[in-house]
Amino acid sequence: MDVDALLAEQRAYYRDGAAEYDRPYAEYEELQQLLTVVDDLPIAGDVLELACGTGQWTPLLAERARSVTAVDAAAEVLALARARTVSPKVRFLAADVFEWLPSRRYQTVFFAFWLSHVPPERLADFWRTVATALTPDGKAIFVDDGPATASEEHVLTNQPAPAVLRRLDDGSQYRIVKVFHDAGTLTDDLTALGWSSVHVRAVGRHVIGVAEPPARS
Ligand SMILES: C[S@@+](CC[C@H](N)C(=O)[O-])C[C@H]1O[C@@H](n2cnc3c(N)ncnc32)[C@H](O)[C@@H]1O
């Protein structure tokens, strides 16, 4: 199996599991607390949210932004995000983040629980896309699972990228990419790619990062 097949399975998992997606946000106080970090993050101007899912973060971003363009590959989660988000500042787009190229630049590019789903071999291209989407004074801001959350997952071996197995309520199983980045490695990787003012910190079992794009020549 190649990485493309794994990514297709990942998209299918979120399409088929859209109705179950919000459950952990309702059940775990840790996640409810995490959503409040938005207030302390430098969200500003026109915001691009990648892999917005059911829109858990989108209305919170909209409160701080001039506009939010929220992108996800799954129509099923976008429908839930649209229902949750009443703000006229928000526009939703169905697109594959690995294929889609932004037609304009944003002051903020935000992604929650997405970076861990990017295969290592696509990481440099992904960060290039994020840099291309940012104004020179813009910031990438991200939130994700840290290494401590790996113990809750069924980690798979012999996959084309680091992967875990997820199950939906009907018993169906899907492999998804899952890379448990730690703050130090992320900081080193982004710095090596030319990003500046890189600040990645652990918050509980999660990581939160803010970084400025490489200078354009
Ligand atoms: C873990 S969820 C994160 C959702 C939301 N950001 C949150 O924090 O609740 C990952 C999201 O990535 C989306 N996704 C998966 N593959 C994608 C792709 N290739 N392009 C865009 N979105 C994708 C899924 O549909 C899903 O909504």
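The chain is numbered in sequence order, starting from 1. Ligands are counted one by one from 1 in listed order, and the atoms in each one are counted from 1 as well.
Listed by number with element, the atoms of ligand 1 under 4.0 Å from a non-hydrogen atom of Ala74 are 25 (O). Within ligand 1, the atoms closer than 4.0 Å to a non-hydrogen atom of Ala95 are 20 (N), 21 (C), numbered from 1 in the order shown. Within ligand 1, counting atoms from 1 as listed, the ones closer than 4.0 Å to a heavy atom of Phe113 are 1 (C), 3 (C), 8 (O), 10 (C). Near Val77, the atoms of ligand 1 lying under 4.0 angstrom from a non-hydrogen atom of the residue are 27 (O).
Protein heavy atom nearest atom 20 (N) of ligand 1, with residue, atom name and distance: Val97 N, 2.8 Å. Considering only non-hydrogen protein atoms, atom 14 (N) of ligand 1 sits nearest to Trp114 CZ3, 3.6 Å. Of the protein's non-hydrogen atoms, Ala73 N, 3.2 Å is the one closest to atom 22 (N) of ligand 1. What sits closest to atom 12 (O) of ligand 1 on the protein, heavy atoms only, is Ala51 CB, 3.4 Å.
A donor and an acceptor atom, one from each side chain of Asp22 and Gln56, are located under 3.5 Å apart. With hydrogens and angles left out, the side-chain atoms of Tyr14 and His117 include a donor and acceptor closer than 3.5 Å. Between Thr58 and Glu49, the side chains place a donor N or O and an acceptor N or O closer than 3.5 Å (distance only, hydrogens not considered). For the 3.5 Å distance criterion, the side chains of Lys178 and Ser116 qualify, holding a donor opposite an acceptor. For the 3.5 Å distance criterion, the side chains of Thr185 and Asp182 qualify, holding a donor opposite an acceptor. Side-chain contact, Asp16 with Tyr174: a donor N or O sits under 3.5 Å from an acceptor N or O.
Shown are Trp57, Trp127, Phe126; of these, the ring-ring contact (aromatic ring centres under 6.0 Å, His included) with Phe142 is made only by Trp127.
At a heavy-atom distance under 4.0 Å, atoms from both the backbone and the side chain of Asp96 approach ligand 1. Of all the heavy atoms of Arg15, none lies under 4.0 Å from any atom of ligand 1, so neither backbone nor side chain is involved. In Tyr14, the part holding a heavy atom less than 4.0 Å from any atom of ligand 1 is the side chain. Contacts with ligand 1 closer than 4.0 Å are made by no heavy atom of Trp100, backbone or side chain.
Close N/O approach between Ala112 and ligand 1 is found [any backbone or side-chain N/O within under 3.5 Å]. Polar contact with ligand 1: absent for Thr54 (N/O pair, distance under 3.5 Å).
Annotation: cation-pi geometry satisfied between Arg104 and Tyr106 (NZ/CZ under 6.0 angstrom from ring centroid, within 45° of ring axis).
The shortest separation from a heavy atom of Asp72 to ligand 1 is under 4.0 Å, placing the residue in contact. Not a single heavy atom of Ser116 lies less than 4.0 angstrom from ligand 1. In this structure, Tyr21 is part of the shell of residues with a heavy atom less than 4.0 angstrom from ligand 1. Taking a 4.0 Å cut-off on heavy atoms, Tyr25 registers as neighbouring ligand 1.
Every pair passing salt bridge (charged side-chain N to carboxylate O under 4.0 Å, His left out) that includes a residue from residues 198-214 is listed here, sequence neighbours excluded: Glu30-Arg205, Lys139-Glu212, Glu152-Arg205.
Of the charged side-chain nitrogens involved, at least one lies within less than 4.0 Å of a carboxylate oxygen, so that Arg122 and Asp4 count as a salt-bridged pair. For the pair Asp125 and Arg128, the salt-bridge criterion is met [side-chain N within less than 4.0 Å of a carboxylate O].
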